[in-house]
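One structure below.
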2 protein chains.
Amino acid sequence: MSDPSFAPRPTLEAVAARAGVSRATASRVVNGSEGVRAPLAERVKRAVDELGYVPNQAARALVTRRNDAIAVVVAEPETRFFADPFFAQQVRGISRELTLYDNQLVLLLTEGAADYERVGRYLGGGHVDGALIFSLHDDDTLPALARRAGVPTVIGGRPDWSDGDTLYVDCDNRGGARDAVRHLLNLGCRRIGHIAGPLDQTASVDRLDGFRDALPDIDPRLVAEGDFTPDGGSRAMARLLDDFPDLDGVFAASDVMASGALRLLRTRGCRVPEDVAVVGFDDIVSVAEWTDPPLTTIRQDIEEMGRMMARLLLRRIESGAAGADAPALSSIVTRTQLVVRASA
Amino acid sequence: MSDPSFAPRPTLEAVAARAGVSRATASRVVNGSEGVRAPLAERVKRAVDELGYVPNQAARALVTRRNDAIAVVVAEPETRFFADPFFAQQVRGISRELTLYDNQLVLLLTEGAADYERVGRYLGGGHVDGALIFSLHDDDTLPALARRAGVPTVIGGRPDWSDGDTLYVDCDNRGGARDAVRHLLNLGCRRIGHIAGPLDQTASVDRLDGFRDALPDIDPRLVAEGDFTPDGGSRAMARLLDDFPDLDGVFAASDVMASGALRLLRTRGCRVPEDVAVVGFDDIVSVAEWTDPPLTTIRQDIEEMGRMMARLLLRRIESGAAGADAPALSSIVTRTQLVVRASA
DNA sequence: CGGCGGAATGAGAGCGCTCTCTCGGCGCGT
DNA sequence: ACGCGCCGAGAGAGCGCTCTCATTCCGCCG
């Protein structure tokens with residue numbers, strides 16, 4: 001087997017020799033620093049081309065302490081990670097932003113706490129310059145892990161603790177939820193239920209809080225906990241309907257759950273929005289536009305949030321490298337927006 | 001800002017000093033090689049714990065030429081990558097297998113050929129020990145790129161060229177397609193159409209070939225090309241129905257497209273399977289079990305294929321390291337299986 | 001026309017690790 | 001009791017790169 005990986009890769013040394021310059025000069029040219037006279041630079045570039053030289057990243061990383069790679073750590077079984085379009089969009093945003101700055105995305109999937117040790121080792125090993133952590137649940141040790149590993153981190157979604165040092169990007173879950181319920185109220189709904197996400201995540205809690213803001217002193221049974229899956233939404237909807245046959249409005253904490261709720265509503269013969277009006281959250285287009293009827297929802301710009309996470313992290317890494325007098329960085333909370341379609 | 005990344009990470013040297021041994025011995029202990037007497041090894045381990053030592057991967061990679069990381073390159077816009085459960089399952093399989101062997105997964109998303117240069121640089125940079133490439137289209141230069149970069153590669157899905165050196169993992173697309181059509185035939189269908197995938201991918205072509213195997217000399221208009229999305233399936237179904245009102249059977253080249261077809265069939269008032277029987281391909285459970293009616297389909301074990309890809313690649317890397325007398329590796333084609341649900 | 005300043009180039013010291021090679025010490029055979 | 005062989009530990013040479021610092025070369029001014 002003629003394994004091409006056996007052809008030893010040319011080193012900077014070789015390039016320098018061929019160009020008749022020193023390694024230092026070759027390095028300067030390769031890294032695009034100025035102060036090399038044109039003819040020399042030209043010769044080096046030619047040598048690079050002819051030899052097909054590509055810098056060895058390990059060697060470079062060893063001295064620069066930079067990897068130009070950041071990890072995306074998902075504290076969620078792959079099943080949900082891939083099934084949920086929310087992650088998909090966020091990762092896309094991240095990926096695009098990182099690409100812009102020539103950084104690579106290393107995906108670290110965890111299946112339960114057993115993998116945490118492995119992830120910790122990886123982060124500590126200096127493989128990546130930073131980490132983006134997603135979808136935290138109560139008491140998740142992932143951020144602590146990253147911190148111990150000395151890896152700059154940005155979290156997707158407000159964490160359930162707060163200290164000035166923790167950076168995150170989230171949307172205004174509470175305000176968005178409030179808007180959703182007010183919309184329902186304006187439509188004339190009198191009996192409004194809420195399909196919440198798992199309450200060990202702040203996004204769910206914040207949305208529930210927003211719901212309560214608009215509807216204080218509500219019967220607690222009007223809140224049914226789902227799990228961000230269609231089925232969960234469906235089950236929660238069923239419970240709500242069983243407990244409150246006079247239900248005429250529902251705010252679901254995610255579009256995906258709302259789609260499940262819609263499905264159940266249909267099997268129960270309820271018309272949407274005539275009998276029951278439904279508002280979702282997220283505005284995941286591939287879901288919200290395709291439900292029957294199309295979903296009224298609270299829009300958050302998920303991809304943009306992904307980009308922001310990446311940018312924030314990159315800046316934090318940068319500032320770490322720059323020293324103490326770096327500009328202070330702060331978490332970002334984005335605005336949400338009501339998108340009215342047909343379901344409410 | 002008290003950036004913890006500024007606490008310099010302890011080096012092997014420090015561990016050795018603390019344990020009162022040489023760097024070499026410390027290294028031996030850390031890497032679990034034998035031939036170090038227990039008391040010494042014990043002291044080293046203690047030092048590692050106390051210092052919180054984690055080996056610097058860049059330094060290690062520099063000398064071992066191993067990164068314990070492999071790249072997954074997706075020649076597909078993120079949109080489809082994330083939207084399509086097929087990739088999700090495959091990546092899960094890969095991730096699991098890699099984790100087993102303490103390898104990391106680096107996800108390289110490409111958005112069009114513009115990104116190829118970047119990917120090439122990355123692969124050539126020695127960041128990863130190997131690459132898994134997915135979802136190739138005609139004349140895709142990705143494999144050539146990987147080869148030029150000297151990176152061992154395994155391809156997901158049969159490539160459209162063949163040479164003994166190219167390793168791939170695929171299922172028996174043609175045989176599966178044949179089975180699907182035969183099932184339709186056994187059911188008594190007389191006018192069977194095919195919703196094909198994009199014909200610049202071998203999987204689509206192979207499935208079409210299987211369709212033709214079972215139905216030679218068929219009217220070419222009975223084949224409608226889709227794009228592996230629900231919408232594409234829907235559109236193709238519409239075309240088929242328009243051209244052949246007497247259609248009574250459809251074989252779709254993917255479950256996702258079949259679900260779109262089902263949707264269209266419903267809007268047209270066709271009963272499934274009474275009026276038109278439908279068979280899909282893939283057996284993506286989250287799709288096939290949830291369509292209405294549940295989808296009869298051709299099962300391929302996608303996750304297992306992912307695992308196989310990873311294993312094959314790891315072995316190829318291994319064999320590269322072992323030298324010429326490594327066992328010959330060969331591509332894998334897995335068996336498919338008809339799964340009968342309600343749609344046919 | 002000598003010398004000075006500044007820019008361009010080269011020399012060389014590591015970065016943290018692995019691994020070969022050498023050396024020291026111990027058990028054993030005679 | 002002496003020497004041989006072998007196992008366990010240490011010394012040291014890189015891996016390929018970056019970057020500081022010394023050196024050289026040039027254009028100019030005096």
Side-chain angles (χ1 to χ4, degrees), chain A residues 5-45 47-48 51-68 121 124-127 129 149-150 321, chain B residues 5-45 47-48 51-68 121 124-127 129 149-150 321:
Chain A
S5 71
F6 273 6
R9 295 248 241 307
T11 71
L12 229 209
E13 191 75 52
V15 172
R18 187 179 191 102
V21 301
S22 75
R23 207 169 355 119
T25 299
S27 172
R28 281 189 266 261
V29 174
V30 167
N31 293 304
S33 83
E34 43 221 60
V36 174
R37 253 188 280 260
L40 268 202
E42 212 34 68
R43 290 219 315 268
V44 172
K45 279 189 194 128
V48 166
L51 261 30
Y53 169 75
V54 182
N56 177 321
Q57 291 304 327
R60 177 176 280 179
L62 182 56
V63 23
T64 59
R65 275 117 203 304
R66 270 290 233 124
N67 289 83
D68 296 317
R121 240 183 315 135
H127 263 118
D129 303 331
Chain B
S5 72
F6 272 7
R9 297 249 241 306
T11 71
L12 229 209
E13 191 75 52
V15 172
R18 185 178 191 104
V21 301
S22 74
R23 207 170 358 117
T25 300
S27 171
R28 281 189 266 261
V29 174
V30 168
N31 292 304
S33 83
E34 41 222 64
V36 176
R37 252 188 280 259
L40 268 202
E42 211 37 65
R43 285 209 330 258
V44 173
K45 280 190 194 127
V48 166
L51 261 30
Y53 170 76
V54 182
N56 177 320
Q57 292 303 325
R60 178 177 278 179
L62 182 55
V63 23
T64 59
R65 274 112 205 308
R66 271 292 232 122
N67 289 84
D68 296 318
R121 242 183 315 134
H127 263 119
D129 303 330

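Lettering of chains follows the sequences in order, A, B, ..., and the numbering in each one begins at 1.
- B:N56 CG to A:R65 CZ: the interatomic distance, rounded to the nearest 0.5 Å, is 7.0 Å.
- Side-chain nitrogen and oxygen atoms of B:S27 include none within less than 4.0 Å of the OP1 or OP2 phosphate oxygen of C:dC17.
- Heavy-atom distances under 4.0 Å link DNA chain D to A:T11, A:L12 of residues 11-19 of chain A, given in residue order.
- Comparing the end axes of the helix from C:dC1-D:dG30 to C:dT30-D:dA1, each fitted to five base pairs by superposing C1' atoms of four pairs onto the next four, gives an inter-axis angle of 60° (nearest 10 degrees).
- Within the structure, every side-chain polar atom (N or O) of B:R66 is placed at least 4.0 Å from both OP1 and OP2 of C:dT18.
- When the nearest nucleotides of DNA chain D are assigned to A:V30 and B:L62 by heavy-atom distance, the more 5′-ward of the two goes with B:L62.
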Do any side-chain atoms of residues 18-27 of chain A form donor-acceptor pairs under 3.5 angstrom with protein atoms, and if so which ones, sequence neighbours left out?
| unit_1 | atom_1 | unit_2 | atom_2 | d |
| --- | --- | --- | --- | --- |
| A:R18 | NE | A:E50 | OE1 | 2.5 |
| A:R18 | NH2 | A:E50 | OE1 | 3.1 |
| A:S22 | OG | A:A24 | N | 3.4 |
| A:S22 | OG | A:T25 | N | 3.3 |
| A:S22 | OG | A:T25 | OG1 | 3.4 |
| A:R23 | NE | A:E13 | OE1 | 3.1 |
| A:S27 | OG | A:N31 | ND2 | 3.3 |

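- Every residue two or more places apart in sequence or in another chain that forms a salt bridge (charged side-chain N to carboxylate O under 4.0 Å, His left out) with B:R121 is listed here: A:D102, B:E117.
- Checked against side chain to side chain donor-acceptor pair (under 3.5 Å), B:D129 has the following partners two or more places apart in sequence or in another chain: B:R66.
- Regarding B:N67, its CG atom lies at a distance of 18 Å from the P atom of D:dC15, rounded to whole Å.
- Looking at which nucleotide of DNA chain D each of A:V63 and B:V63 is closest to, the 5′-most match is held by B:V63.
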Got a list of protein N/O to nucleotides 8-10 of chain D N/O distances below 3.5 Å?
| unit_1 | atom_1 | unit_2 | atom_2 | d |
| --- | --- | --- | --- | --- |
| D:dA9 | OP2 | B:G35 | O | 3.3 |
| D:dA9 | OP2 | B:R37 | N | 3.0 |
| D:dG10 | OP2 | B:S22 | N | 3.0 |
| D:dG10 | OP2 | B:S22 | OG | 3.2 |
| D:dG10 | OP2 | B:T25 | OG1 | 2.7 |
| D:dG10 | N7 | B:R28 | NH2 | 2.8 |

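- Applying the 4.0 Å criterion to OP1 and OP2 of D:dC15, one finds that A:N56 has every side-chain N and O outside that range.
- The interatomic distance linking A:R9 (CZ) with D:dC17 (P) rounds to 11 Å, in whole Å.
- Distance CZ (A:R60) to C1' (C:dG16): 18 Å, rounded to an integer number of Å.
- For the side chain to side chain contact (heavy atoms under 4.5 Å, CB included) test, residues two or more places apart in sequence or in another chain that qualify with B:V48 are B:V15, B:V30, B:V44, B:Y53.
- Across every non-hydrogen atom of B:H127 and A:N67, the tightest pair is NE2-O, 3.9 Å.
- Between A:R28 atom CZ and A:L40 atom CG the span is 10.5 Å, to the nearest 0.5 Å.
- Looking at every heavy atom in both residues, B:L51 comes nearest to B:P10 through O-CG, 3.4 Å.
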